[in-house]
Asks: 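Dropping the structure in here first, questions after.
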2 protein chains.
Amino acid sequence: MNLYNTTRVTTESHSYAITADCAIFGFSDDALRVLIVRRAVAPFAGHWCLPGGAMSDDETLEQTASRLLRELVNVEGIPIRQVGTYSSPKRHPVRRVVTTCFYALVRPEDHTPNAQKYLDDARWCKLDEVPQLGYDHSQLLADAYQALQQELQQSPLAFQLLPNTFTLKEAQEVYEAIIGEDLDRRNFRRKILAYDFLINTEEKKAGVKGGPELYRVDDTKLENHL
Amino acid sequence: MNLYNTTRVTTESHSYAITADCAIFGFSDDALRVLIVRRAVAPFAGHWCLPGGAMSDDETLEQTASRLLRELVNVEGIPIRQVGTYSSPKRHPVRRVVTTCFYALVRPEDHTPNAQKYLDDARWCKLDEVPQLGYDHSQLLADAYQALQQELQQSPLAFQLLPNTFTLKEAQEVYEAIIGEDLDRRNFRRKILAYDFLINTEEKKAGVKGGPELYRVDDTKLENHL
DNA sequence: TTTTTCTGTGTACATTTGACACAATACAAA
DNA sequence: TTTGTATTGTGTCAAATGTACACAGAAAAA
């Protein structure tokens, strides 16, 4: 019997690297932003990329992505979602790397990114100012953004990147930044309040004409719509 | 320098197997069905599973899934969609296997499945009669079915598993089988015809009371709604 | 032929969505 | 303080969409 029978290839292990890449979205300065990092080493030294890293032996891809969030922006407990898995044989110039892309929503003002390891910079970049990214990460980001937009149509997950208390105007601006078009102020109010997970704090925001009311989310009720 | 430096793990390749598993849906005998195969060898010998196989060096996961469709049910050119990637370290009893699940829609009457290689049986199983599957494939199937349902709400891709000509009644039955609830006959007609990709063949189906009209799809127009 | 069952067509109603008017509030200018 | 201005909270109206149902015609079954 031929121990090197090539027909048994399907039962053999290969030497593929498996990684997770993250499109971490945040909202600050009236713009939707995504966290990008600059590589300090080859391949793609000096190029901006989505943060990513190899899956280790004892963790799932979801745990890998969560670990990246913890290491990069010190965020824990944030829900992440799969965008897709990218497996083109030529997508990595050195060796075969299959990656799964995730996206997450965080509050950038709470978490300053810290470049580390093989990175020399990290920043929150406006979505319409993102440069060409290394590998196929421009494609990953485009797909992640589309998944985010689609998700927002069906579940109000955008409230996860608002501060503890906020006005409906601020919430609307987040929505508009994500879906990329303007909304009617009054229709937005009606739709959001119908969800019934917002609590009017009975306080008014100072320094703004009109005296807008401040709201906060009822987390338990928000879960129902997520 | 320590050649076995474990801190360089992120730049090393690991011996993970990467596979694609397919939930291939079809419609026959008034029921939505999925193709399942029985394994002849360990692990899970004798257990039913979703068909799957290892990604080879020169193909993407999508090409792996397409190859499986060709080998199993002799289908080509069918669009496939990613469901998700499953990476639990313990999901395979022997070694680490990361799999990406796909789903597809075919016409089962056109394609008799042929068990081969390490399989000893293959059949189109009614979705509500699927036994407990090997590995985590019951989970994969549940997720694929949910993705299919969600997709159908937004694009009329169910017409891909109807014969060349069909009555609106038959199309409705496919819809009902997928989404799992009954629809109003007249509202369904109005909604589907509004899409404007159906062509009335001006012929009537024989052997059925009422003399239902036969339709066929205008493939180019269907693309617009897909 | 008569009856039964299914099909094609139309209608009335409720709900959701989109567009817009008006008065009240609070900051800004005088 | 008074007045002006930009923004907010609330309400209305019409269009679009979704839901429920009635009735006549067609083809098989009796």
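The sequence lines fix the lettering, A, B, ..., with proteins before strands; numbering per chain opens at 1. In this text, all values refer to a predicted model and were calculated from it rather than measured experimentally. Note: hydrogens, waters and symmetry copies are ignored here, and every other heavy atom, side chains too, is used.
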Asks: Please give, in whole Å, the distance from D:dA6 P to A:K169 NZ?
Replies: 13 Å

Asks: Take the protein atom NZ of A:K204 and the nucleotide atom P of D:dG9, then report the distance between them rounded to whole Å.
Replies: 8 Å

Asks: Round to the nearest Å and state the distance from B:D184 atom CG to D:dT17 atom C1'.
Replies: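 In whole Å, D:dT17 C1' lies 15 Å from B:D184 CG.
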
Asks: Do B:L105 and B:L148 make a side-chain contact, defined as non-hydrogen atoms from C-beta onward lying under 4.5 Å apart?
Replies: yes

Asks: Roughly, in whole Å, what's the span from CD in A:Q172 to P in D:dT7?
Replies: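 Roughly 13 Å, once rounded to whole Å.
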
Asks: Which whole-number value in Å describes the distance from A:L214 CG to D:dT8 P?
Replies: 12 Å

Asks: Whole angstroms only, please: what is the CZ-C1' distance between A:F188 and C:dT16?
Replies: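 Between C1' of C:dT16 and CZ of A:F188: 17 Å.
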
Asks: Less than 3.5 Å between a donor and an acceptor, one on the side chain of A:R190 and one on the base of D:dG9, is that the case here?
Replies: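 It does not, because no donor-acceptor pair links the side chain of A:R190 to the base of D:dG9 below 3.5 Å.
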
Asks: Would you indicate which nucleotide in C:dC20, C:dT7, D:dA28 comes nearest to any side-chain atom of B:R189?
Replies: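 Out of C:dC20, C:dT7, D:dA28, the nucleotide with an atom closest to B:R189's side chain is C:dT7.
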
Asks: Within the 4.5 Å heavy-atom criterion, are A:L198 and A:F159 side-chain neighbours or not?
Replies: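 Touching, per the 4.5 Å side-chain cut-off.
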
Asks: Under 30°, 30 to 60°, or over 60°: which ring-plane class applies to B:F25 and B:Y145, parallel, tilted or perpendicular?
Replies: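 B:F25 vs B:Y145 ring planes: tilted.
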
Asks: Tell me which of B:V208 and A:N187 sits closer to the 5' end of DNA chain D, going by the nucleotide each one is nearest to.
Replies: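 Final value for this comparison: A:N187.
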
Asks: Under 4.0 Å from OP1 or OP2 of C:dG10: is there any side-chain N or O of B:R186 that close?
Replies: no

Asks: What is the distance, to the nearest angstrom, from the CG atom on A:L193 to the C1' atom on D:dG11?
Replies: 14 Å

Asks: Calculate the interatomic distance between B:E203 atom CD and D:dA26 atom P; express it in whole Å.
Replies: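 Nearest whole value for this atom pair: 18 Å.
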
Asks: Pick the nucleotide of DNA chain C nearest each of A:R185 and B:K209; which residue has the one closer to the 5' end?
Replies: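 By nearest-heavy-atom nucleotide position, the 5'-most residue is B:K209.
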
Asks: Hey, does A:P51 have a side-chain heavy atom less than 4.5 Å from the side chain of A:E71?
Replies: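 Side-chain contact under 4.5 Å: no.
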
Asks: Does the side chain of A:K191 get closer than 4.0 angstrom to OP1 or OP2 of C:dT17 through an N or O atom?
Replies: no

Asks: Judged by each residue's nearest nucleotide on DNA chain C, which is more toward the 5′ side, A:G207 or B:E213?
Replies: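 On the 5' side of the pair lies B:E213.
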
Asks: Is it true that A:R186 and A:D184 have a side-chain N and a carboxylate O under 4.0 angstrom from each other?
Replies: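 Between A:D184 and A:R186 there is a salt bridge, with a charged N closer than 4.0 Å to a carboxylate O.
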
